[in-house]
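As a basis for the values below, the full set of heavy atoms in this structure was taken, side chains included, without hydrogen atoms, waters or symmetry mates. Chain A is the first sequence line, chain B the second, and so forth, proteins listed ahead of strands; every chain is numbered from 1. Keep in mind that what you see is a predicted model, and the values were worked out from it rather than measured.
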Number of protein chains: 2
Amino acid sequence: MISTPALPPESSTEAKRFEAFLRAKKLKLTRERKAILAAIARKAPHFDAENRVSRATVYRTLNLLVQCGLVQKNSLGSSHACYEASHGREPHDHMICLQCGKVFDFYRTDLAALQNDLCQDRVFAPLYHNLQIFGLCADCITGADEKFIREQVARINT
Amino acid sequence: MISTPALPPESSTEAKRFEAFLRAKKLKLTRERKAILAAIARKAPHFDAENRVSRATVYRTLNLLVQCGLVQKNSLGSSHACYEASHGREPHDHMICLQCGKVFDFYRTDLAALQNDLCQDRVFAPLYHNLQIFGLCADCITGADEKFIREQVARINT
DNA sequence: TTTTTTGCAAATCGTTTGCACGCTG
DNA sequence: CAGCGTGCAAACGATTTGCAAAAAA
C-alpha cells in the first residue's frame, strides 16, 4: 500500500469549488460526496471504485456537481443523460453516423468563441456546449445503397 | 367519413422518399408505416392519432425513418433519444439552463454552413446537427447565490 | 407461399422516490 | 440536537426483444 500522496492541484481545486458550492447552498459535505468527487477528479471510469456508495446517492450527487459546473450532463429533454467530468475535458464534439451508430470525435477551438458569441445578445451565461453532427460515415456511404444515400444527402444539404 | 383527398405535396414527397428507402432495403410498406409517416408529415404531436399502432412498431418505424433522414434522433451515446421530424423543421438549436432545466431555442442560419465546413476535410456526409449550449439563464443568475454562480461562469469561460 | 411485420407482454436499463435510520454542522 | 443525507427497494418511463399470429410481395 502506498502512503497517501498530496492530492494533485487540480483535485484540490475541484474539492474547493465543490465545498464552496455546498456551503453557499447550506448543504453538507459527506463522505459519499467526497468519494464521488474524488473518483471524478481521478477520472475513474464509471465510478468503479465507488461501489460502496449507493446508486441513488451517486445520481443525487451528480446533480449537485452539474449545478456546480464540475460535471457536464448532456441530454435533451429525455430522461436519460450522459455525464462527463468537466475537469481536463478537451472541448470536443461528435459526428454520429445514422446508419451504423459510430461516433467520431472532432476538435475545433473556435467553437467556444462561437458559443460566447451566440449568447452575447441574450441574458444567458454559457458554461459549455455540445455539438453533434449527424450524417453518414465513409463506410456507410460506400455501402450497398450508395445511390440512395447520396441522393438523400444531396437533398438535405441544399 | 370524408373521401380521401389528394395528399398535400410535402407528404407525398416524404412518402415517396420513404417508399424508395424501403424498396432499396427490400422492406415492406405496411399500413402501420404509412400511418406513422403520415402522422409525422401532419406534425401530429406525439403521434396521438396513431394509438392503434403498437409502441414497439412505432419505435421500429422511427428507426427506419431516422436512417432514411425523415426524422432526426438526438441523443449522445445514451439509449434514450429525442425524435423530431426533419420536415419543415427550422434548423434551431438549444440553450439549456443547468439550474432550472428550462430550454431556450435559438436560430442561426450560419450554423449549417459551419456544419458543412467541419466535415469538408473528412469523409463524412452531414445531414443535420444539434447544438446544445449549457449554462445559466437570467432567472437563475439573478437568484440567491448569484455571486457564486458568476464566479463559476467566469472560471469556466476563460 | 415465403418473408417480413406486428402486437403483446415481459425484460432492460438508467433514473427517481419514499421511508426509516445515520451522520454532519 | 435539528436537519440533511444515505441506502434500500420499489416505482418509473422510454426502449427493446422473443414469439406466434397477420399481412405484404
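The CG atom of B:Leu62 sits 12 Å away from the P atom of C:dT6 (whole-angstrom rounding). The CZ atom of A:Arg31 sits 12 Å away from the P atom of C:dG25 (whole-angstrom rounding). In this entry the distance linking CD of A:Glu32 with P of C:dC23 reads 9 Å, nearest Å. Taking atom OH of B:Tyr83 as the reference point, atom P of D:dG13 lies 19 Å away to the nearest angstrom. We find that CZ of B:Arg55 is positioned 18 Å from C1' of C:dT5, with the value rounded to whole Å. Separating the NZ atom of A:Lys25 from the C1' atom of C:dT24 is a distance of 19 Å, rounded to the nearest angstrom. The CZ-P distance, from A:Arg52 to C:dC23, rounds to 15 Å in whole Å. Protein atom CG of B:Leu64 is 14 Å distant from nucleotide atom P of C:dT4, rounded to whole Å.
A residue-by-residue look at B:Lys28 and B:Asn63 shows that B:Asn63 has its nearest nucleotide of DNA chain D further toward the 5' end. DNA chain D is contacted by both B:Leu27 and A:Leu27; A:Leu27 maps to the nucleotide lying nearer its 5′ end (nearest heavy atom per residue).
Heavy atoms only, all atoms of each residue included: A:Gly69 and A:Arg17 are closest at O-NH2, 4.2 Å. Looking at every heavy atom in both residues, A:Val71 comes nearest to A:Tyr128 through O-OH, 4.3 Å.
Taking 4.5 Å as the limit, every side-chain heavy atom of B:Gln72 sits out of range of all side-chain heavy atoms of B:Leu127. Counting only heavy atoms from C-beta outward, the side chains of B:Leu22 and B:Arg33 approach each other to under 4.5 Å. Here the side chains of A:Ile36 and A:Val53 are in contact, with some heavy-atom distance below 4.5 Å.
A parallel orientation is assigned to the rings of B:Phe21 and B:Phe18, their planes being inclined by less than 30° (bins at 30° and 60°). Ring geometry for A:Phe104 against B:Phe124 counts as perpendicular: the plane angle is over 60°, on a 0 to 90° scale with 30° as the lower cut.
For A:Thr57, counting side-chain heavy atoms from C-beta on, the closest listed nucleotide (D:dG5, D:dT17, D:dG7) is D:dG7. Of the listed nucleotides (D:dC8, D:dA24, C:dT24), D:dC8 has the atom at the smallest distance from the side chain of A:Ser54. Considering only the side chain of A:Ala56, C:dT17 comes nearest among D:dT17, C:dT17, C:dT15.
The residue A:Arg33 sits close only to the backbone: its heavy atoms come under 4.0 Å of sugar-phosphate atoms, none of a base.
Put simply, B:Tyr59 has no side-chain N or O that comes within less than 4.0 Å of OP1 or OP2 on D:dT16. Phosphate proximity of C:dT6 to B:Thr30: present, with a side-chain N or O under 4.0 Å from OP1 or OP2.
For C:dG7, the base has a donor-acceptor partner in the side chain of B:Arg60 [N/O atoms by modelled type, under 3.5 angstrom].
A rotation axis mapping the C1' atoms of four pairs onto the next four is fitted at both ends of the helix from C:dT1-D:dA25 to C:dG25-D:dC1 over five pairs, and the angle between these axes is 40° to 10 degrees.
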